[in-house]
Amino acid sequence: MKTPGIRPSRDVGTLLEALPYIREFHGRTIVVKYGGAAMTDPALREEFARDVVLLKYVGLNVIVVHGGGPDITKYMRRLDMDVEFVDGLRVSDADTVEIAKMVLIGKVNKDIVLRINRHGQAAVGLSGDDGNLFRAAKQLSSGGADIGFVGRIEKVDVDVLNHIAQDYIPVVASIAADADGASYNVNADEAATAVARAMGAYKVMFLTDVEGWMRDPADPASVISEAHADEVEAALDGISGGMRPKLQACIDAIHGGVSFAHIVDGRVPHSLLLELFTDAGIGTKIRAAR
């Protein structure tokens, strides 16, 4: 007797479609930059944690890298602190960095770790300060302005991540320090790219709040499902808004030896699984130049 609502042929077909991808990705390192709606919507937060747990169970080595800009802004405003951005980067004096550290490491990171733990895998929270994971240097805005304690990652200690990833899911907050111990706020996309390059990751996946790279930004149906890095570079000067830094991060990852970079709509439940394990995918996949 069939159970109402169950369609076995569809469900088996989905599993069979995923099988070759699971085989291909088994034992590979996947870096996921976690942000956007997937990080703020309560239901999507739970689905993300479940998806990461599933990826670990089927044999992928998953590393989650996150920021938390909206939370930082919320707490700064509660404290009547000025919130200012230059060229998309937060102007960060010493007090701003202290708030960023407290929010990213003390709250956001631990919330992600607890959700992953609750869904069946052990996660460990890290920041760039732990085990000297990241070494940072001061970064100016793209226009050359001094924006305070905003950093770019110069070095990633892969031994720390390799050691933890053997048994746990590393969850990394995008905070780093320089050689003198000064702390810096680091863009999470750049942190994910640095981790993926240093780890020789097979894939880096950027969760965002758009369908992917679109030929026409006003038309969600114009998503480019797959492109080569040279095509992206040729188009980059004509791209504006938040998609440009995402595509630049993808190119930087590919040039650093990462096999594939993906821009995925985190507003869609299970978008990670759909992009990884289905033929159609969801979002944009970028591969090395031809």
Side-chain angles (χ1 to χ4, degrees), residues 32-42 45 63-115 123-157 160-161 170-195 206-209 241-242 244-246 248-249 266:
V32 180
K33 187 271 176 169
Y34 181 38
M39 201 171 177
T40 57
D41 180 275
R45 287 199 299 256
I63 300 171
V64 177
V65 179
H66 70 88
D71 281 311
I72 296 171
T73 297
K74 179 175 70 176
Y75 280 92
M76 287 180 68
R77 286 179 173 153
R78 283 186 184 178
L79 297 169
D80 292 324
M81 298 172 65
D82 291 334
V83 177
E84 182 183 358
F85 290 86
V86 174
D87 298 331
L89 296 173
R90 185 187 302 274
V91 177
S92 300
D93 61 12
D95 290 338
T96 299
V97 174
E98 286 303 303
I99 295 297
K101 290 177 69 174
M102 287 188 286
V103 172
L104 295 184
I105 301 171
K107 181 183 185 300
V108 176
N109 187 273
K110 300 313 169 192
D111 287 348
I112 298 168
V113 166
L114 287 170
R115 278 192 295 274
V124 171
L126 300 166
S127 74
D129 295 342
D130 293 306
N132 292 319
L133 175 59
F134 295 154
R135 177 65 55 81
K138 186 180 183 67
Q139 177 179 346
L140 301 178
S141 75
S142 59
D146 186 339
I147 50 177
F149 292 96
V150 175
R152 55 181 173 80
I153 295 174
E154 291 191 319
K155 181 182 177 183
V156 178
D157 188 338
V160 174
L161 289 173
V171 179
V172 184
S174 55
I175 291 289
D178 65 14
D180 297 322
S183 293
Y184 289 84
N185 201 357
V186 177
N187 177 274
D189 287 345
E190 294 181 14
T193 297
V195 168
F206 298 93
L207 290 186
T208 186
D209 287 347
R244 183 186 174 106
K246 286 284 190 299
Q248 185 65 60

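Looking at every heavy atom in both residues, S92 comes nearest to N185 through OG-ND2, 3.8 Å. Annotation for S174 and A191: closest pair CB-CB, 4.0 Å, computed over non-hydrogen atoms. What you find for L161 and P170 is that their closest heavy atoms are CD2-CB, 4.0 Å. The two residues I105 and A173 come nearest to each other via the heavy atoms CG1-CB, 4.3 Å. Across all their heavy atoms, V186 and A176 have their closest contact at CG2-CB, 3.9 Å.
To the nearest 0.5 Å, the span separating CE on M39 from CG on L207 amounts to 10.5 Å. A distance of 5.0 Å separates OH in Y75 from NZ in K107, rounded to the nearest 0.5 Å. Taken from CG in L126 to CG in L133, the straight-line distance is 6.5 Å, to the nearest 0.5 Å. To the nearest 0.5 angstrom, F149 atom CZ is 12.5 Å from I175 atom CD1.
Checked against side-chain hydrogen bond (donor to acceptor under 3.5 Å, both in side chains), T96 has the following partners two or more places apart in sequence or in another chain: D93. Shown here are the side-chain hydrogen bond (donor to acceptor under 3.5 Å, both in side chains) partners of D41, two or more places apart in sequence or in another chain: there are none. Every side-chain contact (heavy atoms from CB on, under 4.5 Å) that A179 has, sequence neighbours left out, goes to R135. Partners of A177 under the side-chain contact (heavy atoms from CB on, under 4.5 Å) rule, at least two apart in sequence or in another chain, are D129. Under the rule for a side-chain contact (heavy atoms from CB on, under 4.5 Å), the partners of R45 that lie at least two apart in sequence or sit in another chain are Y34, P42, R115. Shown here are the side-chain contact (heavy atoms from CB on, under 4.5 Å) partners of A123, two or more places apart in sequence or in another chain: V113, I116, N117, I169, V171. Every residue meeting the side-chain hydrogen bond (donor to acceptor under 3.5 Å, both in side chains) condition with S183, not counting sequence neighbours, appears here in chain and number order: K101. Among residues two or more places apart in sequence or in another chain, the ring pair (Phe, Tyr, Trp, His ring centres under 6.0 Å) test is passed with F206 by none. Not a single side-chain hydrogen bond (donor to acceptor under 3.5 Å, both in side chains) links K110 to another residue, sequence neighbours left out.
Among residues at least two apart or in separate chains, salt bridge (Lys or Arg N to Asp or Glu O under 4.0 Å) pairs with a member in residues 142-153 are K138-D146, R152-E154. Under the salt bridge (Lys or Arg N to Asp or Glu O under 4.0 Å) criterion, the residue pairs touching residues 182-192 are K33-D189, D189-K246, with sequence neighbours excluded.
Between the D209 side chain and the G36 main chain, no donor and acceptor come within less than 3.5 Å of each other. A donor-acceptor pair is defined here as one N or O able to donate and one able to accept, closer than 3.5 Å; no such pair exists between the side chain of D180 and the backbone of A182.
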List, one per line, each side-chain donor-acceptor pair under 3.5 Å for residues 76-85, sequence neighbours excluded.
none

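None of V172, V32, D111, N109 except one satisfies the side chain to side chain contact (heavy atoms under 4.5 Å, CB included) rule with H66; the exception is N109. Applying side chain to side chain contact (heavy atoms under 4.5 Å, CB included) to R90 and the options T73, V150, V97 leaves one that passes, T73.
In this structure, Y184 places its OH atom where more than 12 heavy-atom neighbours from other residues, nucleotides or ligands lie under 6.0 Å away.
Counting heavy atoms from C-beta outward, Q139 and N187 have side chains that stay 4.5 Å or more apart. Side-chain atoms of F134 and V195, non-hydrogen and from C-beta on, do get closer than 4.5 Å to each other.
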